[in-house]
Amino acid sequence: MPLYLVGGPVRDMLLGRTSADLDLVVEGDATRLATEVAQDLAAEVVTHRRFGTATIKVDQQRLDLATARHETYSRPGALPKVTPGSINEDLRRRDFTINAMALGLSDPRTGELLDPLAGTADLEQGLIRVMHPGSFRDDATRIFRAVRYEQRLSFRLEPDTQRYLTQALDEGMLATVSADRLRRELGLMLSEEQPLQALMRAGNLGVLRSLYRPLGNASWLGSFSQSRERTQPLVLVAALAYPLTPNEGEAFISRLNMPSRWAAVVRDLTQLKVLQDSLAAPQLSSSSLYHLLEGRSIASISALLHLTPSPVTQERLTNYLEHLRYVRPVLRGKDLVSLGVPQGPKVGQVLRQLKDARLEGRVTTRREEADLALKCLAAREG
Ligand code: ATP
């Protein structure tokens, strides 16, 4: 069976970049080949006969094998009709020219670069180019992929490709893709090396507005301070929700059928926005600040820290993230019981009072905590 290395690894090899996974295509039955190879290597193999694909796992490495195939789309967003085909047909069904190259791995084509769509020329010029005008209509997830590769590789969208992309957005093509697939694409974008850049580009191209109208062009992300560390995907999910009201936040959650962790940061961020005046109020005690933020996801607080224009709020959120959230009384429940606090809810109440006193700096030592605990007890008894 003629065997080829295809797509990402070929592109990355030509660019001198490393690739995580190896994608292989055979002109023949990939599942049969994968099963035999896995037997020889005593490796694990997962096959999907229906799709003609298989994954071999060897030493933490994945080897994806697919049967070369020909695809046609009956309507936008529909799953393509797939039939076995030649390597050339397989390359033509792909998203961009730079992803449509193959390297022969078996004789007589060992070492031969197959580049029927002039991908190398686009690699040299730094262009992301689709194969045909209807590409984004066939599969609108390619819109996200285009932005992702463009930003990752510091390339440009080839002008016609950009026009097709904008047209597909104007025609509402994102609506032809399921919420789960859209969320997966957004998640991949957020996991890139430079996710903020990709998000802002998606905003400028109108991708985010098309995803959920109130996101507009996400211009607020421009004030997101660029730190050297990579921003966590969840922080960016929260940041996207910055201009949204709590109701819009709920609609955004449904639009992408968000899993609970994503939904939680969106909810937290929109609720924190409602509390912005309280967070910036003069004379806010450390314990009141703590209780405003307590239990909210760290990702949402970090996002607000990046986005709030108020220096006072910034300072308070930093104080919470770096210090206040770690504050605990030294005394534990059992210590309070041995000091005479009765078992039951009273222990929790006294612990909370000790924590507030710690937060406000009214107690700093174990001794002072014990004195305060006894005072609370006396107050109750008196
Ligand atoms: P990376 O994993 O580094 O983002 P990759 O090129 O390996 O890049 P995959 O998402 O693993 O990306 O896809 C493998 C290949 O499959 C791509 O190179 C491309 O040729 C093809 N491909 C993936 N998604 C699509 C799509 N939506 N439409 C057409 N071809 C696609």
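For the single chain, residues carry numbers from 1 onward in sequence order.
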Side chain to side chain contact (heavy atoms under 4.5 Å, CB included) evaluation trace for Glu185 with Ile143: CA-CA 9 Å; Glu185 290 303 325; Ile143 293 174; over 6 Å; no
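- For the pair Ser223 (side chain) and Trp220 (backbone), a donor-acceptor distance under 3.5 Å is present.
- Residues Leu114 and Tyr4 have side chains in contact (heavy-atom distance under 4.5 Å, counting atoms from C-beta outward).
- Counting all heavy atoms, side chain and backbone alike, Gly333 lies closest to Val347 at CA-CG1, 3.7 Å.
- Residues Leu377 and Val350 have side chains not in contact (no heavy-atom distance under 4.5 Å, counting atoms from C-beta outward).
- Aromatic ring orientation, Phe96 versus Tyr149: perpendicular (interplanar angle above 60°, classes split at 30° and 60°).
- For Arg325, the CZ atom is densely surrounded, since the number of other residues' heavy atoms within 6.0 Å is greater than 12.
- Between Arg69 and Thr53, the shortest heavy-atom distance links the atoms NH1-CG2, 4.2 Å.
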Check the pair Asp160, Arg163 against salt bridge (Lys or Arg N to Asp or Glu O under 4.0 Å), reporting the backbone distance first and the verdict last. CA-CA 5 Å; Asp160 282 338; Arg163 203 157 48 76; 3.0 Å; yes
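- Grouping the Ile, Leu, Val, Met, Phe, Trp and Tyr side chains by contacts below 4.5 angstrom, directly or via other members, places Leu5 apart from Ile87.
- Note: the hydrophobic cluster containing Leu65 does not contain Val46 (ILVMFWY, side chain heavy atoms under 4.5 Å, direct or indirect links).
- No donor-acceptor pair under 3.5 Å is formed between the side chain of Thr313 and the backbone N or O of Pro309.
- Taking 4.5 Å as the limit, some side-chain heavy atom of Leu324 sits within range of a side-chain heavy atom of Ser286.
- When all heavy atoms of Tyr242 and Thr308 are compared, the pair lying nearest together is OH-CA, 3.9 Å.
- With contacts defined as side-chain heavy-atom distances shorter than 4.5 Å, the pair Leu292/Leu284 qualifies.
- By the rule that hydrophobic residues join a cluster once side-chain heavy atoms approach within less than 4.5 Å of another member, Leu269 and Val235 end up as members of one cluster.
- Gln276 CD: more than 12 foreign heavy atoms inside a 6.0 Å radius.
- Side-chain atoms of Ser300 do not come within 3.5 Å of backbone N or O of Asp268 as any donor-acceptor pair.
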With side chain to side chain contact (heavy atoms under 4.5 Å, CB included) as the criterion, how do Gln197 and Glu192 come out once you've worked through the C-alpha distance, each side chain's angles and the decisive distance to 0.1 Å? CA-CA 9 Å; Gln197 235 170 274; Glu192 286 285 317; over 6 Å; no
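- When every heavy atom of Thr47 is checked against every heavy atom of Ala54, the shortest pair comes out as CG2-CB, 3.8 Å.
- Salt bridge annotation for Asp356-Arg352: absent, with no cationic side-chain nitrogen under 4.0 angstrom from a carboxylate oxygen.
- Residues Leu372 and Ala357 approach most closely at CD2-CB, 3.4 Å, considering heavy atoms.
- Shown here is Arg261, whose CZ atom has no more than 12 heavy atoms of other residues, nucleotides or ligands within 6.0 Å.
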Verdict with supporting geometry, Glu89 and Arg93, salt bridge (Lys or Arg N to Asp or Glu O under 4.0 Å): CA-CA 6 Å; Glu89 285 170 324; Arg93 72 171 176 86; over 6 Å; no
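- In this structure, the separation between OG1 on Thr176 and CZ on Arg75 is 8.5 Å, given to the nearest 0.5 Å.
- Here Leu354 contributes atom CG and Arg366 contributes atom CZ; the two are 11.0 Å apart, rounded to the nearest 0.5 Å.
- When the shell of 6.0 Å around CD of Gln61 is examined, it contains 12 or fewer heavy atoms from other residues, nucleotides or ligands.
- No chain of hydrophobic side-chain contacts below 4.5 Å, direct or via other Ile, Leu, Val, Met, Phe, Trp or Tyr residues, connects Leu105 to Leu91.
- With hydrophobic clusters built from ILVMFWY side chains whose heavy atoms lie under 4.5 angstrom apart, Val330 does not share a cluster with Tyr290.
- Formation of a donor-acceptor pair under 3.5 Å by the Arg183 side chain with backbone atoms of Asn257 is found in this model.
- The number of heavy atoms from other shown groups lying within 6.0 Å of CZ (Arg213) does not exceed 12.
- Among all heavy-atom pairs drawn from Leu317 and Leu293, the shortest one is CD2-CD1, 3.8 Å.
- Using a 4.5 Å cut-off on side-chain heavy atoms (C-beta onward), Arg255 and Leu182 make contact.
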Tell me, with the steps shown, if Arg184 and Asp180 meet salt bridge (Lys or Arg N to Asp or Glu O under 4.0 Å). CA-CA 6 Å; Arg184 180 172 173 275; Asp180 290 341; over 6 Å; no
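- Each of Val6, Asp64, Leu3 was evaluated against Leu24; a single residue qualifies, Leu3, per the side chain to side chain contact (heavy atoms under 4.5 Å, CB included) test.
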Go through Met189 and Val147 one step at a time and tell me if the side chain to side chain contact (heavy atoms under 4.5 Å, CB included) criterion holds. CA-CA 8 Å; Met189 189 175 270; Val147 174; 3.7 Å; yes
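- Contact check for Lys346 versus Gln349: side-chain heavy atoms found under the 4.5 Å cut-off.
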Using the ring pair (Phe, Tyr, Trp, His ring centres under 6.0 Å) rule, take Tyr212 and Phe252 through it: C-alpha gap first, then chi angles, then the decisive distance, then the call. CA-CA 7 Å; Tyr212 180 52; Phe252 184 35; 5.6 Å; yes
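- For the atom pair CD1 of Ile301 and CG of Leu304, the computed distance is 8.5 Å after rounding to the nearest 0.5 Å.
- A donor-acceptor pair is defined here as one N or O able to donate and one able to accept, closer than 3.5 Å; such a pair exists between the side chain of Thr67 and the backbone of Ala30.
- For Gln194 and Gln151, the side-chain atoms include no donor-acceptor pair closer than 3.5 Å.
- At a threshold of 4.0 Å, the pair Asp139-Arg181 counts as salt-bridged, since one of the basic side-chain nitrogens sits closer than that to a carboxylate oxygen.
- In summary, the side chains of Asp107 and Thr110 do present a donor paired with an acceptor at a separation below 3.5 Å, with no hydrogens or angles considered.
- Formation of a donor-acceptor pair under 3.5 Å by the Glu368 side chain with backbone atoms of Thr364 is found in this model.
- Looking at Glu44 and Ile56, their side chains never come closer than 4.5 Å, going by heavy atoms from C-beta outward.
- Pro9 places a side-chain heavy atom less than 4.5 Å from the side chain of Asp23.
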Under the criterion salt bridge (Lys or Arg N to Asp or Glu O under 4.0 Å), I'd like the reasoning laid out for Arg92 against Glu71: C-alpha separation, chi angles, the key distance, then a yes or no. CA-CA 9 Å; Arg92 282 175 196 283; Glu71 282 181 356; over 6 Å; no
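- There is no side-chain donor-acceptor pair under 3.5 Å between Thr97 and Arg129.
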CA sep, side-chain torsions, deciding dist, call: Phe155, Leu123, side chain to side chain contact (heavy atoms under 4.5 Å, CB included): CA-CA 9 Å; Phe155 277 23; Leu123 270 188; 3.9 Å; yes
